[in-house]
Structure formats: structure tokens, C-alpha cells
Amino acid sequence: MGKKLYIETIGCAMNVRDSEHIIAELRDKEGYEVVEDISSADLILINTCSVREKPVHKLFSEIGVFNKKKKPDAKIGVCGCTASHLGEEILKKAPSVSFVLGARNVSKISKAIKTENFVDVDIDYDESEYAFGDFRSSPYKAYINISIGCDKSCTYCIVPHTRGDEISIPPNIIINEVKKAVDSGAKEIFLLGQNVNNYGVRFRDKTLKKMDFSDLLEMVSEVEGVERIRFTSPHPLHMDDKFLKVFASNPKICKSMHMPLQSGSTKILKAMKRGYSKEWFLDRAFKLREMVKDVHISTDVIVAFPGESDEDFEDTLDVVKKVRFEQMFSFKYSPRPLTKAAEFKEQIPSDIGSQRLKTLQDLHSDILDEISLAQQGKIYTVLFEELRSNDMVAGRSDNNFMIQTNGNKELLGKFADVKITNPRRMVLYGDIVKT
Ligand code: SAH
Ligand code: SF4
Ligand code: F3S
């Protein structure tokens with residue numbers, strides 16, 4: 001009987017991919033199989049996020065749940081970004097935890113499970129050329145890392161302290177991954193990095209030829225069998241004309257761009273060290289709308305960053321009104337350890353932050369209702385990925401609308417044209433008009 005692994009993943013797509021790597025390592029080298037039921041597991045892993053305080057709290061509440069449900073001799077391991085920043089402290093705070101493995105040390109998982117009180121949270125460790133085994137949670141969509149770490153130093157953000165400096169993965173490794181994914185049935189390639197359009201800035205192998213993200217996108221699109229390419233996260237600062245041109249003109253690149261605004265105020269953007277102004281952001285967003293018909297622009301916004309005045313917040317609302325993002329992830333600023341902004345004097349009271357978040361989200365909900373309604377009667381090509389209840393299937397259009405229609409598992413992994421008949425805020429319902 002094989003050993004059983006239960007793994008929970010919190011956080012971003014990079015963590016999802018790290019968990020896939022962990023599963024592959026433990027399957028290939030240690031004979032583990034994944035189970036859904038904690039009480040049958042021999043090893044329980046939690047892959048953590050540190051980006052705001054909330055997910056860190058979640059780590060400790062989840063450990064409490066594991067303690068109650070686990071087999072007496074099952075081991076608990078903590079991986080990911082909170083492992084990186086809290087390290088040994090986790091073992092002290094939660095004695096049932098056996099090991100702590102940082103976000104940049106995934107390849108050491110075999111050693112971690114065999115070593116008593118193992119802690120390794122080295123953020124200088126270079127896994128950019130490590131050959132992980134193959135495991136993917138979705139048969140149709142393949143996450144592929146193109147870089148590790150982040151070279152920016154946004155003053156609110158803990159990620160550079162949990163994932164270290166940015167190193168690009170060599171293009172031949174990425175292309176091999178793409179080929180393997182396509183050979184095993186993937187239709188969509190999802191390239192991952194904290195700062196994808198900074199690709200090529202530094203390789204481990206100094207003799208590698210210089211190239212940028214636009215070049216990489218072209219290379220990936222030339223792999224036979226790749227039907228769709230998505231990526232996250234690009235940085236607005238690096239959205240130069242060359243990048244926008246490749247994005248607009250390459251038919252395999254999905255017409256959905258994440259443009260993390262963070263704030264609409266140039267003063268706050270400066271304090272955040274984002275490197276662009278309100279005007280630059282608007283210029284890039286308008287240019288994108290002009291170049292790409294039906295482009296979907298998503299964003300991340302932080303409200304109540306230290307020093308944010310009512311006028312600064314108005315600037316954020318102004319950008320949201322002007323760009324009319326198709327999707328917005330918005331957060332109240334959360335002071336993080338090791339970051340500069342946590343030391344800034346003018347911290348904003350929590351109730352003001354909550355009010356601003358509500359104002360922003362209400363504004364965006366209204367915009368989203370208008371955007372959704374305008375989809376009535378349009379036809380989109382959808383790649384079906386999920387079975388929903390009541391004999392329905394769901395998938396995404398090229399420009400990232402979530403679209404749902406009647407159908408069964410026969411449709412999974414297939415493309416079909418869907419005419420929108422009932423557009424809602426989060427999901428557009430429709431009928432298949434062509435398969
Ligand atoms: N590399 C990505 C961001 C990864 S973190 C990028 O630059 O877009 C994901 C999002 O979490 C960020 O875009 C930001 O909006 C939010 N975030 C990061 N640190 C935060 C903090 N201290 N408080 C609130 N939100 C934060
Ligand atoms: Fe954090 Fe900024 Fe790097 Fe994104 S670009 S991960 S927000 S430091
Ligand atoms: Fe969270 Fe780490 Fe991703 S802090 S958002 S899991 S890079």
C-alpha cells in the first residue's frame with residue numbers, strides 16, 4: 001500500500017504550481033499518492049501564503065484542524081511563503097509541525113520529510129534549472145514557471161522576502177515543459193512569474209543569449225499543439241510597445257491582460273515604489289483597448305496604503321472609472337513584516353480602509369453589471385474545463401469571461417462557440433452554436 005499525502009494550497013498560481021511540483025517529487029521519489037481525506041493521510045502538507053495577514057492566520061487555524069483530524073502518527077509539514085518568512089518560529093508556535101520548507105526550496109521536499117525538525121527557508125537557493133517531475137491538476141491547462149523570485153521592491157510587499165531575487169528559467173527548459181504539456185493533452189499554457197514581462201533579466205547561466213518576454217511568447221506560440229497562451233503577472237512598468245504589439249498580434253495569446261494598478265495616485269505609486277505614474281498606467285491601458293478589440297483587463301488594487309488621502313483614493317476611483325476593468329481584485333492594505341511600508345508613519349485607520357474598500361467595490365460592481373449586460377447576444381469561443389451542477393459545463397472565453405452552458409463531460413477539454421443568452425455579473429450563461 002502506497003503512502004498517502006494530503007496537501008492544501010493557499011495563495012497564488014505560483015503556489016499552485018509549487019504544490020504540483022511537491023506532489024510529483026513525493027510520488028516519484030517517495031511513493032506517495034494524493035488523497036482528499038485528511039484522516040487517511042500519512043503526510044499532511046500546507047503550502048502557505050504571506051501576502052496579507054489573513055492567510056498567515058489561516059495557517060495556524062488549519063494546523064488546529066489537522067491536529068484534530070489526523071492519524072496519530074501522521075506528519076505535518078509547512079511549505080511556501082509563510083514558511084519562508086516565519087521559519088523556525090512555526091515549529092515553536094505549532095509543535096505538531098515536523099518540518100518547515102521555504103517557497104524557494106521545493107526540490108528539498110524528500111529530505112524535509114525524512115529529517116527531524118527540518119527547517120530550510122533559504123531565499124538565495126536557485127531552483128531555476130531543477131528538473132521537477134510531471135504532475136498537473138488540470139488536464140487541459142498547464143501552469144509553467146518562467147522565473148523564480150522578484151527583483152522589485154514594492155514597499156508593501158513581502159514576496160521578495162519569501163521568494164528572493166528574480167532568476168529566469170532558461171528558454172529551452174520552458175519550451176520542453178510546453179512540449180511535454182501539449183503531448184499529454186494540454187490546450188492552454190499558463191506562464192507564471194511574479195513579474196513575467198521582466199523575463200530574461202538574469203539567468204543562472206551567464207552565457208545564455210539575451211532575450212525578453214515578448215521573444216519567449218513568440219517561441220511558446222510556435223510549439224505545435226499550443227492553442228492558447230495566458231500569463232501572470234505582468235508589471236505595468238514593463239508594458240512597452242514591443243510587448244503590447246506581440247500581445248495584440250499573436251493569435252495564440254489570449255486577449256486578457258492583468259494590469260495590477262495598486263493605486264491610481266501618482267504620489268502613492270511613488271511611495272509604493274511601483275515605478276509608474278497614473279498617466280503611464282492610463283496611457284498603457286487605453287493603448288491596449290485601442291489595439292485589441294474586446295480585450296479583458298483585470299487588476300489588483302490596494303486601498304488605505306499609508307498616507308493615502310481622500311484625493312489619492314479619488315485618483316484610484318478615477319482610474320477604475322476610466323479603464324472599466326473587466327475584473328478587479330481589491331484589498332485593504334495589510335502591513336507586512338520585513339517591508340518598508342509597515343514602518344511608514346501615516347498608517348490609515350482600519351475603518352477608513354474598510355469604507356474605501358466598500359466604495360471601490362460598489363463602483364466596480366456597477367461597472368461589471370454594465371459590462372456583463374453588454375455581452376448579451378455575443379458569441380465567444382470557450383475552452384470547457386469544469387463540470388458544474390445541473391448538467392452544465394463551464395470554461396473561459398479567449399478574453400477570460402467565465403461562460404457556462406448545458407453540457408456534460410464530453411465537452412471537457414474541447415472548444416465550442418457559445419452565444420450569450422443570460423449574462424450575470426460573475427458568469428455568462430449561453431447556448432452552444434458551433435462545436
Ligand atoms: N507580482 C504581482 C503581485 C503578487 S501579490 C504583481 O506585482 O502584480 C498579489 C497582490 O496582492 C498584489 O498585486 C497586491 O495588490 C496585493 N498585496 C500585496 N501585498 C499586499 C499588502 N501588504 N496588503 C494588501 N495587499 C497586498
Ligand atoms: Fe510584490 Fe511588487 Fe514583486 Fe509584485 S512586483 S511580487 S507586488 S514586490
Ligand atoms: Fe502569497 Fe507567496 Fe503567492 S505570499 S501571493 S503565495 S508569492
Side-chain angles (χ1 to χ4, degrees), residues 8-19 46-56 58-59 78-86 101-106 121 123 143 145-166 191-199 201 231-239 257-264 268-269 271-276 281 297-306 308 316 325 327-344 347-348 350 353-354 356-357 360:
E8 178 178 336
T9 308
I10 314 177
C12 63
M14 299 213 79
N15 254 19
V16 173
R17 185 61 182 147
D18 289 346
S19 289
I46 178 160
N47 199 3
T48 56
C49 174
S50 251
V51 81
R52 285 167 291 276
E53 209 175 336
K54 226 172 165 179
V56 177
K58 181 155 186 210
L59 162 64
V78 176
C79 310
C81 286
T82 307
S84 300
H85 102 264
L86 289 180
L101 187 68
R104 213 166 148 140
N105 306 270
V106 172
V121 295
I123 59 161
Y143 281 136
N145 289 343
I146 67 161
S147 59
I148 57 175
C150 179
D151 262 8
K152 296 271 181 277
S153 39
C154 305
T155 52
Y156 52 81
C157 183
I158 197 170
V159 174
H161 307 278
T162 65
R163 290 189 177 261
D165 289 345
E166 187 169 326
L191 304 174
L192 297 180
Q194 286 305 340
N195 213 341
V196 285
N197 49 347
N198 200 34
Y199 181 78
V201 148
F231 51 83
T232 202
S233 296
H235 195 296
L237 177 66
H238 303 297
M239 291 191 179
M257 182 81 88
H258 189 55
M259 287 188 71
L261 169 67
Q262 313 302 359
S263 168
I268 295 296
L269 287 167
M272 289 175 161
K273 275 207 167 176
R274 288 290 288 176
Y276 53 86
F281 187 95
I297 306 181
S298 56
T299 198
D300 291 347
V301 179
I302 299 175
V303 301
F305 182 81
E308 185 186 76
T316 298
F325 300 101
Q327 199 175 17
M328 181 184 81
F329 303 93
S330 51
F331 315 100
K332 190 157 88 170
Y333 168 71
S334 167
R336 307 306 298 126
L338 311 169
T339 62
K340 287 218 169 81
E343 310 296 321
F344 288 177
Q347 301 287 328
I348 307 290
S350 176
S354 304
R356 286 183 184 165
L357 192 61
L360 174 68

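Counting starts at 1 for both ligands and their atoms, in listed order. In this text, all values refer to a predicted model and were calculated from it rather than measured experimentally.
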How far is atom 1 (Fe) of ligand 2 from its nearest protein heavy atom, and which residue and atom is that?
Cys157 SG, 2.3 Å
Do Tyr276 side-chain atoms and Leu261 backbone N/O form a donor-acceptor pair below 3.5 Å?
yes
Atom indices of ligand 2, in the order listed, that fall short of 4.0 Å to a heavy atom of Cys150:
3 (Fe), 5 (S), 6 (S), 8 (S)
Please list the nearest protein heavy atom to atom 3 (Fe) of ligand 3 with its residue and the distance rounded to 0.1 Å.
Cys12 SG, 2.3 Å
For the pair Lys332 (side chain) and Ser350 (backbone), establish whether a donor and an acceptor sit closer than 3.5 Å, ignoring hydrogens and angles.
yes
So which protein heavy atom does atom 4 (Fe) of ligand 2 come closest to, and at what separation?
Gln194 O, 4.3 Å
Enumerated ligand 3 atoms positioned under 4.0 Å from heavy atoms of Gln194:
7 (S)
Would you say that Ser334 contacts Lys54 through its side chain, given a criterion of any heavy-atom pair below 4.5 Å between the two side chains?
no
Donor-acceptor contact present, side-chain Asp151 to main-chain Glu166, <3.5 Å:
yes
As a test of reading the model: which residues have a non-hydrogen atom less than 4.0 Å away from ligand 1?
Val51, Arg52, Tyr156, Gln194, Ser233, Pro260, Gln262, Arg274, Asp300, Ile302, Phe331, Lys332, Tyr333, Ser334, Arg336
Does a side-chain heavy-atom distance below 4.5 Å link Arg336 with His161?
no
Passing option when Thr9 is tested against Ser19, Cys79, Cys49 for side-chain contact (heavy atoms from CB on, under 4.5 Å):
Ser19
I'd like to know if the side chain of Arg104 and the backbone of Ile123 have a donor-acceptor N/O pair within less than 3.5 Å.
yes
Near Val159 (heavy-atom distance under 4.0 Å), the atoms of ligand 2 are 6 (S)
Heavy-atom side-chain contact between Ile10 and Ile46 under 4.5 Å:
yes
Tell me which one of Thr162, Asp18, Asn15 gets a heavy atom nearest to atom 6 (S) of ligand 3.
Asn15
Within a distance under 4.0 Å of any heavy atom of Pro160, pick out the atoms of ligand 2 and give their elements.
8 (S)
Trace of the side-chain hydrogen bond (donor to acceptor under 3.5 Å, both in side chains) decision for His258 with Thr232:
CA-CA 7 Å; His258 189 55; Thr232 202; 5.1 Å; no
Heavy-atom donor-acceptor pair, Thr299 side chain to Met259 backbone, under 3.5 Å
yes
Less than 4.5 Å apart, any side-chain heavy atom of His238 and any of Tyr199?
no
So Tyr143 and Val16, side chain to side chain contact (heavy atoms under 4.5 Å, CB included) or not? Walk me through it.
CA-CA 9 Å; Tyr143 281 136; Val16 173; 3.7 Å; yes
Output the list of atoms in ligand 3 that are nearer than 4.0 Å to some heavy atom of Cys81, sorted by atom number.
2 (Fe), 4 (S), 6 (S), 7 (S)
Answer with side chain, backbone, both or neither: which part of Arg274 has a heavy atom less than 4.0 angstrom from an atom of ligand 2?
side chain
At the 4.0 Å heavy-atom cut-off, does Ala103 count as touching ligand 3?
no
Atom 7 (S) of ligand 2: closest protein heavy atom, distance to 0.1 Å, is Tyr156 OH, 3.3 Å
Assess whether atom NZ of Lys152 is packed by more than 12 heavy atoms of other residues, nucleotides or ligands within 6.0 Å.
yes
4.0 Å heavy-atom contact, Met14 with ligand 3:
no
Counting backbone and side chain alike, does Cys49 bring an N/O/S atom below 2.8 Å of atom 3 (Fe) of ligand 3?
no
Ligand 2 versus Cys154, non-hydrogen atoms closer than 4.0 Å: side chain, backbone, both, neither?
both
With heavy-atom distances below 4.5 Å as the criterion, would you say the side chains of Tyr156 and Ile302 are in contact?
yes
Starting from atom 4 (S) of ligand 3, which protein heavy atom do you reach first, and at what distance in Å?
Ser50 N, 3.2 Å
